[in-house]
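Chain letters run A, B, ... following the sequence lines, proteins first, then strands; residues in each count from 1. Keep in mind that the numbers below use all heavy atoms, side chains included, and drop hydrogens, waters and symmetry copies. Note that this is a predicted model, so its numbers are computed, not measured.
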There are 2 protein chains.
Amino acid sequence: MKLSRGVEWGLHCAVLLAVTPDGPPVSRQKLAAEYDLPEAYLVKHLHSMVRSGILQSTSGPNGGFRLARPPADITALDVVEAVEGSAPPFTCQEIRRRGRGAAPPELCAEPCTVNSVMTAAHQAWRDSLRGVTVADLLERLPEGALARSRP
Amino acid sequence: MKLSRGVEWGLHCAVLLAVTPDGPPVSRQKLAAEYDLPEAYLVKHLHSMVRSGILQSTSGPNGGFRLARPPADITALDVVEAVEGSAPPFTCQEIRRRGRGAAPPELCAEPCTVNSVMTAAHQAWRDSLRGVTVADLLERLPEGALARSRP
DNA sequence: GCCATCGTACTCGGATATCTCTTGTCCGAGTTACGGCGG
DNA sequence: CCGCCGTAACTCGGACAAGAGATATCCGAGTACGATGGC
């Protein structure tokens, strides 16, 4: 199990954009240079966030990215699932219905217990991430770091 | 983010072995045939569980696998981390210290907030899995399925 | 002074290459139960 | 009847191959700002 590195990038960029939510868009060059990230690949992830309605992007000169919603309305889960996709990490293959010990359909009315446990864990994970917003992250930033991020 | 398919296999096999905890070892052939799984690859995962102290394996004729502990002492987390490894899915790259906006070391005394959030979520996931034992899974099995699994 | 046009700067989206991890297979080596054989 | 030995069944562990997904990179196309020129 491994999360895409883009998750870290997306979260940091979201916090950075939240510093000046109503300022001009930040260009992809600036965003990439800010953390020394591969520009083209970073943008791929940012586009996923645009498609998910977290970011807005404007074309042309002085274009770039900005938050599509107030920082308090964007949860960490929003960002993570935008970048990583919302497919659960565990997908039940229903192996109980296969092989020598295959359970007949009438015993499979209830969802597979193994699946239930893994799904519950995934929900706990999502709930934890849903409880934190980009505004919270911004607030927890050390004083100095905040000042440095402003233009 | 994707979990290895072996997690499902490991959990189902653990439940199957828990049906007769004190019976003779179950051969790898039987285990694989039970769910129609690739035998050699399934065994790879079962070995991981042996190394983690969840299963015991005995060589020679009539050899095979059995639980190393009572089912109530084996949590779903034990199985999942035995198969998948216990490395957290999110590893902080400390990108806040890189690039144009690199934070100086004195601002990095506190752990990265992004990292904290992701780590907390991972803990929530682990806690959820830790709350369920193999004995619980066995108990939730439908009546019929339990009877079918016995020799 | 105002408006249309053009160039430039920037982004968008897809195609492509590379690398790692998962999935799966295979084979030689080691281990143990069982049966046969000699004392 | 008892102990020894060979065989067969079974597992152990690593090497190896194929496929999927993550990690980038690059390029043509589209878009908007700003400058330039004509009215």
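Of the charged side-chain nitrogens involved, at least one lies within less than 4.0 Å of a carboxylate oxygen, so that Glu94(B) and Arg97(B) count as a salt-bridged pair. By the 4.0 Å N-to-carboxylate-O rule, Arg69(B) lies close enough to Asp78(B) to be salt-bridged with it.
Straight-line distance from the CD atom of Gln56(B) to the C1' atom of dT11(D): 15 Å, rounded to whole Å. Distance Lys2(A) NZ to dC19(C) C1': 10 Å, rounded to the nearest Å. At whole-Å resolution of the value, CG in Leu46(A) and P in dC10(C) are 17 Å apart. Going from atom CE of Met49(B) over to atom C1' of dT11(D) covers 17 Å, rounded to whole Å. Atom CE in Met1(B) sits about 13 Å away from atom P in dT23(D), given to the nearest Å. Spacing between atom CD of Glu84(B) and atom P of dT22(C) amounts to 7 Å, rounded to whole angstrom units. Rounded to an integer number of Å, the gap from CD1 of Ile95(A) to P of dT23(C) is 13 Å. Rounded to whole Å, atom P of dT11(C) lies 17 Å from atom CZ of Arg51(A).
Between the Glu84(B) side chain and the Ser4(B) main chain, a donor and an acceptor come within less than 3.5 Å of each other. Checking side-chain atoms of Ser52(B) against main-chain N and O of Ile54(B) turns up no donor-acceptor pair under 3.5 Å.
The six-membered or imidazole ring of His12(A) lies near that of Tyr35(A), with a centre-to-centre distance under 6.0 Å.
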Worksheet item: Can you give one letter per nucleotide of nucleotides 24-36 of chain D, going 5' to 3': B for a protein heavy atom under 4.0 Å from the base, S for sugar-phosphate only, - for none?
Response: BBB----BBSS--

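Taken to the nearest 0.5 Å, the OG1 atom of Thr20(B) stands 9.0 Å off from the CZ atom of Arg66(B).
Between Ser4(A) and dT23(D) there is a side-chain N or O to OP1 or OP2 distance below 4.0 Å. Between Thr58(B) and dT31(C) there is no side-chain N or O to OP1 or OP2 distance below 4.0 Å.
Residue Gln29(B) places its side chain closer to dC10(D) than to any other of dC10(D), dC12(D), dA22(D). Closest to the side chain of His47(A), out of dT23(C), dG13(C), dC12(D), is dG13(C).
For Glu81(A), the salt bridge (charged side-chain N to carboxylate O under 4.0 Å, His left out) partners at least two apart in sequence or on another chain are Arg126(A).
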